[in-house]
Amino acid sequence: MSNNSDKVNLGSILSVAIDASQKAGTVIRQVWKSGKLGVEWKGVNDPMTEADVQAQKLIFGLLYKAFGKDLPMVGEEDTDVPETEEIPNLNLLDQLKIPEEYKNVDKKEVCVFVDPLDATREFVDGNLPAVMTLIGISYRGEAIAGVMFQPFVGNDDDSNGTTIYGMLGMGTNVPVKARDEKDFVIATTRSHATEFLEKATQAVKADRVVKVGGAGYKCLLVLRGEIDAYFFPIPGTKKWDTCGPEAIIKSAGGSFTDAHGRSIRYTIDTPKPNTDGLIVTLKGHDDILAKISSVLPKL
Ligand SMILES: Nc1ncnc2c1ncn2[C@@H]1O[C@H](COP(=O)(O)OS(=O)(=O)O)[C@@H](OP(=O)(O)O)[C@H]1O
Ligand SMILES: [Mg+2]
Ligand SMILES: [Mg+2]
Ligand SMILES: [Mg+2]
């Protein structure tokens, strides 16, 4: 398939997304080490740094180089896309593990959602483990595959970070374990809390509330069984925060819905804000939805 083909292999896109997230991680580490973050404030409590911008330019450049500039793509930051000298790697995954239905699909029915640096606030504050590059791949509006890359954690192969990826029908590259304790522990935002979030947190009767940054990072805590749910039933996250993490959670058998229990759609035209929030679990999803329904506005 040439990059100007109107057909694409989602396994190849996931391979380039993994490669691009690791290369973006190198850029993020370089900006951190330089000490020149170049922080700009896009809105209240909504920072953007030089690392966000450079990482997105590299990721877009690699995906366009591999699949053509007509690949539908949405990124958090508003940047140009220079040609990249880097070579995209289309062969990181075993094609035998890619579901046949994803190997030859119409490019115009695909959309790639890029959060070059999730948890920018944490990056600015120096809480580095929560920092992740998130890339999600949707097909016909459904989150199908995704990668989350932690540039400041671990040292897997030669990427000097930790790579977590998944695809529906293929599963994930990391072990997954639902939390199985008597108490009920949720994670929510460290820096974007609202009065309603506090009220909703009381409605679900959590025994413990972990307040950490990063949409991707809180999904990782669910995957590892460190929390029972990522609980964020308020506006604030966007489609680039959730497409990749949702595909990974679902490929691990988990649930990822808005606060009313509805699926989230990911097409190029879908409004970017996740206005009705997020509930993310590996088990016990319906119980949380039942408890929170008492405080949610009626649809
Ligand atoms: N209220 C509000 N305004 C603007 N942006 C918001 C808001 N709530 C959540 N977000 C974005 O969602 C991502 C996760 O936010 P968290 O609060 O969980 O963590 S953190 O802000 O990343 O530390 C994080 O994504 P990044 O922008 O990629 O860091 C936040 O910016
Ligand atoms: Mg941001
Ligand atoms: Mg984000
Ligand atoms: Mg971001």
Side-chain angles (χ1 to χ4, degrees), residues 17 20-21 24-25 27-28 31-32 37-60 73-79 112-136 146-153 186-198 200-201 209-223 226-227 229-246 248-249 256 258-259 264 266 271-280:
S21 70
V27 169
I28 291 168
V31 172
W32 175 256
L37 272 54
V39 185
E40 289 178 26
W41 294 89
K42 297 188 289 186
V44 175
N45 206 359
D46 191 10
M48 177 182 76
T49 73
E50 188 57 21
D52 298 69
V53 171
Q54 292 309 323
Q56 179 162 317
K57 288 183 177 185
L58 176 56
I59 294 164
F60 269 59
M73 199 136 59
V74 173
E76 177 176 354
E77 311 308 349
D78 183 11
T79 69
V112 179
F113 290 83
V114 178
D115 186 345
L117 198 159
D118 184 53
T120 306
R121 177 63 197 270
E122 301 303 299
F123 182 61
V124 170
D125 291 353
N127 302 325
L128 299 180
V131 173
M132 286 185 167
T133 294
L134 309 176
I135 303 176
V147 56
M148 307 192 298
F149 181 71
Q150 292 178 285
F152 298 104
V153 173
I186 62 175
T188 194
T189 176
R190 180 180 79 94
S191 50
H192 294 103
T194 64
E195 253 181 65
F196 178 75
L197 178 61
E198 299 307 326
T201 302
V209 180
V210 177
K211 294 196 175 188
V212 289
Y217 186 63
K218 289 186 270 294
C219 289
L220 181 59
L221 297 180
V222 172
L223 287 170
E226 294 183 34
I227 57 173
Y230 169 14
F231 185 73
F232 194 75
I234 57 172
T237 63
K238 306 344 178 265
K239 295 298 184 285
W240 47 75
D241 291 305
T242 55
C243 185
E246 174 172 335
I248 295 168
I249 288 283
F256 197 116
D258 70 13
I264 299 172
Y266 298 95
K272 303 303 174 272
N274 291 315
T275 313
D276 292 301
L278 312 170
I279 309 281
V280 183

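Each ligand, and each atom within it, is numbered from 1 in the order the structure gives.
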Protein N, O or S atoms lying under 2.8 Å from the Mg ion (ligand 4), listed by chain and number: Glu76 OE1, Asp115 OD1, Leu117 O
Side-chain donor-acceptor pair present, Thr133, Asp118, cut-off under 3.5 Å: no
Looking only at the side chains, is there a donor atom on one of Tyr266 and Glu246 sitting less than 3.5 Å from an acceptor on the other? yes
What distance do Gln150 atom CD and Leu220 atom CG have between them, rounded to the nearest 0.5 Å? 5.5 Å
Can you classify the ring geometry of Phe152 versus Trp32 as parallel (below 30°), tilted (30 to 60°) or perpendicular (above 60°)? perpendicular
Does the side chain of Val131 reach to within under 4.5 Å of the side chain of Pro151, using non-hydrogen atoms? yes
Salt bridge (charged side-chain N to carboxylate O under 4.0 Å, His left out) evaluation trace for Asp46 with Arg121: CA-CA 7 Å; Asp46 191 10; Arg121 177 63 197 270; over 6 Å; no
Looking at Lys272, I want to see if its NZ is surrounded by more than 12 non-hydrogen atoms of other residues, nucleotides or ligands under 6.0 Å. yes
Distance filter under 4.0 Å, heavy atoms only, around ligand 1 gives Asp46, Glu76, Asp115, Leu117, Asp118, Ala119, Thr120, Arg121, Glu122, Thr189, Ser191, His192, Gly213, Gly214, Ala215, Lys218, Phe232, Gly236, Thr237, Lys238, Asp241
Looking at Asn127, is its backbone amide N or carbonyl O close enough to the side chain of Glu122 to form a donor-acceptor pair, meaning the two atoms are under 3.5 Å apart? no
Could you check Lys239, Lys238, Lys42 and say which one makes a salt bridge (charged side-chain N to carboxylate O under 4.0 Å, His left out) with Glu76? Lys42
